[in-house]
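A quick note: this is a predicted structure, and the numbers were derived from the prediction, not measured.
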Amino acid sequence: WAADRLLQSGKPVLTVRKSMTFLGLMGPAVFLPLFSLVQNKFAAMLLASFALSLATSVGSGALINHVDIAPKQSGTLLGITNTAASLPGIISVPLTAYLLQITG
C-alpha cells in the first residue's frame with residue numbers, strides 16, 4: 001500500500017524500492033534490540049509486532065525487483081535467484097564438517 005501510494009505520487013521507482021527495503025531492514029534492527037530490554041509483556045509484544053510488520057516492507061522493495069527486471073519471467077527469475085542464494089548454505093555445512101575432519 002505505501003509503495004503504491006509513493007509511486008502514484010510520482011516518486012521514482014528506484015527511490016521507492018530503496019526506501020521500502022531500508023524500512024524493512026532498519027525497522028527490525030531498531031525494534032528488536034529494544035524488545036530484549038522491556039519487562040512489560042504488552043510492550044514486548046508491541047515491539048515485536050512493529051519489527052515484524054516493518055520487515056514486510058522488504059517485499060515491496062527488494063523482492064519485487066524481479067517484476068521490474070522481467071515481468072513475464074519474474075517467477076522463474078525468483079526461483080533461480082532463491083536457489084542461487086540457498087546453495088552456499090547447503091554446501092557450507094558439509095564442507096565445514098569435512099574441513100574440520102581432515103584438519104583435526
Transitively linked via ILVMFWY side-chain contacts under 4.5 Å: [X] with [Y]?
{"X": "F42", "Y": "V38", "value": "yes"}
{"X": "L95", "Y": "I102", "value": "yes"}
{"X": "F35", "Y": "M45", "value": "yes"}

Nearest non-hydrogen partners of [X] and [Y], listed with the distance:
{"X": "P33", "Y": "P28", "value": "CD-O, 3.8 Å"}
{"X": "L77", "Y": "A70", "value": "CD2-CB, 4.4 Å"}
{"X": "T21", "Y": "A62", "value": "OG1-N, 3.0 Å"}
{"X": "L34", "Y": "V30", "value": "CG-O, 3.4 Å"}

Inter- and intrachain pairs under side-chain hydrogen bond (donor to acceptor under 3.5 Å, both in side chains), touching residues 79-92, at least two apart |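 For residues 79-92: H66-T81.
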Within this structure, what is the [atom1]-[atom2] distance for the pair [X] and [Y], rounded to the nearest 0.5 Å?
{"X": "I69", "Y": "S74", "atom1": "CD1", "atom2": "OG", "answer": "10.0 Å"}
{"X": "W1", "Y": "L6", "atom1": "CH2", "atom2": "CG", "answer": "9.0 Å"}
{"X": "F31", "Y": "S36", "atom1": "CZ", "atom2": "OG", "answer": "13.5 Å"}
{"X": "T56", "Y": "L23", "atom1": "OG1", "atom2": "CG", "answer": "8.5 Å"}
{"X": "S49", "Y": "L54", "atom1": "OG", "atom2": "CG", "answer": "10.5 Å"}

Qualifying salt bridge (charged side-chain N to carboxylate O under 4.0 Å, His left out) pairs, either residue in residues 65-81, two or more places apart =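 Output for this query lists R17-D68.
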May I ask you to test the K18-L14 pair for a side-chain heavy-atom distance under 4.5 Å?
->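 Side chain of K18 against side chain of L14, heavy atoms only: contact under 4.5 Å found.
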Stepwise side chain to side chain contact (heavy atoms under 4.5 Å, CB included) test for M20 and V16 = CA-CA 6 Å; M20 297 308 287; V16 173; 4.2 Å; yes
If you link ILVMFWY side chains whenever their heavy atoms are less than 4.5 Å apart, which other residues fall into the same cluster as L25? By chain and number, please.
->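 Hydrophobic cluster check, L25: joined to V58, L63.
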